Amino acid sequence: MLIKKADGIASSEITPKETYLNRRKFLASAALTGAAAATGVAFRELVHPSTIAQANATAPANAKIEGLKKSPFSTTEKETPYKDVTTYNNFYEFSTDKDGPAELAKNFKTRPWTVTIDGLVKKKQELDIDAIMKMAAQEERIYRHRCVEGWSIVVPWAGFSLSELVKRAESLGKAKFVEFTTLYDPKQMPGQRVNVLKWPYVEGLRMDEAMHPLALLCFGLYGEALPNQDGAPIRIVIPWKYGFKSAKSIVRIRFTEEQPVNTWQASAPSEYGFYSNVNPNVDHPRWSQAKERRLGEFFKRATLMFNGYDQVASLYSGMDLKKNF
Ligand code: MTE
């Protein structure tokens with residue numbers, strides 16, 4: 001994301017390129033056995049189990065996800081190399097530099113991890129990450145992912161439709177929006193010691209957007225658990241919206257009547273809106289959105305309306321997308 005360039009991140013916290021390039025690929029033997037688990041687990045049964053082993057506190061980085069199904073929503077476009085997807089990141093909680101999160105997030109603890117479900121729901125509760133991952137069978141979804149800055153990637157994500165969780169949350173009729181909040185932990189997240197954004201990072205979706213089958217609750221990429229820098233252990237991926245809508249390392253999902261104020265909108269309301277649908281016809285006030293550069297490619301390509309995901313167009317029929325940017 002581009003705002004007036006953040007200062008205040010100590011240069012000692014910025015990783016030299018050689019360091020991450022030489023980073024040894026860490027292989028964990030534990031497979032994520034829950035990934036292909038049966039669907040239909042009752043939501044109430046998933047309340048935070050007291051059995052989470054503290055010993056399991058380090059991230060299961062590179063743990064393979066077994067039994068991933070292919071998704072009809074996948075693009076057949078060429079996937080962006082794993083190295084680019086995992087070393088060119090926006091994750092301001094760790095660094096405002098693209099190559100910073102890969103190094104600075106490597107010891108980030110993703111177990112135990114719970115997600116609070118609250119707001120306009122019948123029953124507020126805390127769910128354990130491993131239970132959430134078993135709510136439905138995970139799929140591999142190869143999505144285009146377009147950052148508002150003008151770069152894009154094609155990633156084989158792993159997860160299931162966000163609607164699977166939303167429908168089990170038993171939200172009340174009044175709930176019109178879903179808000180997602182990232183972990184706030186400045187001890188682990190050095191970027192949060194700097195006021196570059198208002199922490200914690202918050203994002204939101206209208207309920208019908210959250211229920212759209214393309215909206216993905218994501219736990220992995222390239223058949224493995226999410227690397228920390230890509231939002232472990234749980235993030236959303238909303239492929240028809242600019243990348244900043246896809247909040248990482250989520251700890252809270254809140255159902256609301258009021259439209260949430262997302263972090264980037266709060267930071268620069270004239271530049272970043274609530275909807276943030278990919279739209280080549282609506283420029284960012286400081287640059288055009290008509291084209292994008294796929295990481296690893298030289299020539300730019302045309303950006304497509306809704307990032308090419310035309311099946312969401314009906315969600316916005318009758319809306320002025322210049323006003324609701
Ligand atoms: N989520 C949090 N919590 N913090 C962030 O800084 N950056 C967003 C989004 N989610 C961000 C975030 C932006 S601007 C983009 S483009 C995508 O994450 C990048 O995801 P990736 O690094 O996996 O490609």
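We number each residue from 1, following the sequence as shown. The structure presented is a predicted model; accordingly, all values stated were derived computationally and were not measured. Ligands are counted one by one from 1 in listed order, and the atoms in each one are counted from 1 as well.
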Would you check whether [X] reaches within less than 4.0 Å of ligand 1, judged by its heavy atoms?
| X | answer |
| --- | --- |
| Leu221 | no |
| His145 | yes |
| Gly231 | no |

Can you list the ligand 1 atoms lying under 4.0 Å from a non-hydrogen atom of [X]?
| X | value |
| --- | --- |
| Phe91 | 2 (C), 3 (N), 4 (N), 5 (C), 6 (O) |
| Tyr92 | 5 (C), 6 (O) |
| Ile153 | 24 (O) |
| Asp230 | 21 (P), 22 (O), 23 (O) |
| Cys147 | 16 (S) |

Looking at [X] and [Y], does any basic side-chain N land under 4.0 Å from a carboxylate oxygen?
| X | Y | value |
| --- | --- | --- |
| Glu77 | Arg294 | yes |
| Glu271 | Arg286 | yes |
| Arg293 | Glu297 | no |
| Arg144 | Glu292 | no |

Members other than Val261 in its cluster, when Ile, Leu, Val, Met, Phe, Trp, Tyr link by side-chain heavy atoms under 4.5 Å?
-> none
With heavy atoms under 4.0 Å as the rule, classify the contact between Glu93 and ligand 1 as side chain, backbone, both or neither.
-> side chain
Quick one: does ligand 1 sit under 4.0 Å from the side chain of Arg235, the backbone, both or neither, non-hydrogen atoms only?
-> side chain
Side-chain contact, heavy-atom cut-off 4.5 Å: Tyr184 with Arg252?
-> no
Does [X], backbone or side chain, put an N or O under 3.5 Å from an N or O of ligand 1?
| X | value |
| --- | --- |
| Tyr88 | no |
| Asn89 | yes |
| Thr182 | yes |

With Lys78, which residues qualify under side chain to side chain contact (heavy atoms under 4.5 Å, CB included), at least two apart?
-> none
Would you mind finding which of Phe244, Phe180, Tyr201 brings a heavy atom closest to atom 5 (C) of ligand 1?
-> Tyr201
Just how far is it from atom OG of Ser288 to atom NZ of Lys300, taken to the nearest 0.5 Å?
-> 8.0 Å
Would Tyr88 and Trp151 count as a ring-ring contact (aromatic ring centres under 6.0 Å, His included) if you check the C-alpha gap in whole Å, the side-chain angles of each, and the deciding distance to 0.1 Å?
-> CA-CA 10 Å; Tyr88 191 88; Trp151 52 271; 5.1 Å; yes
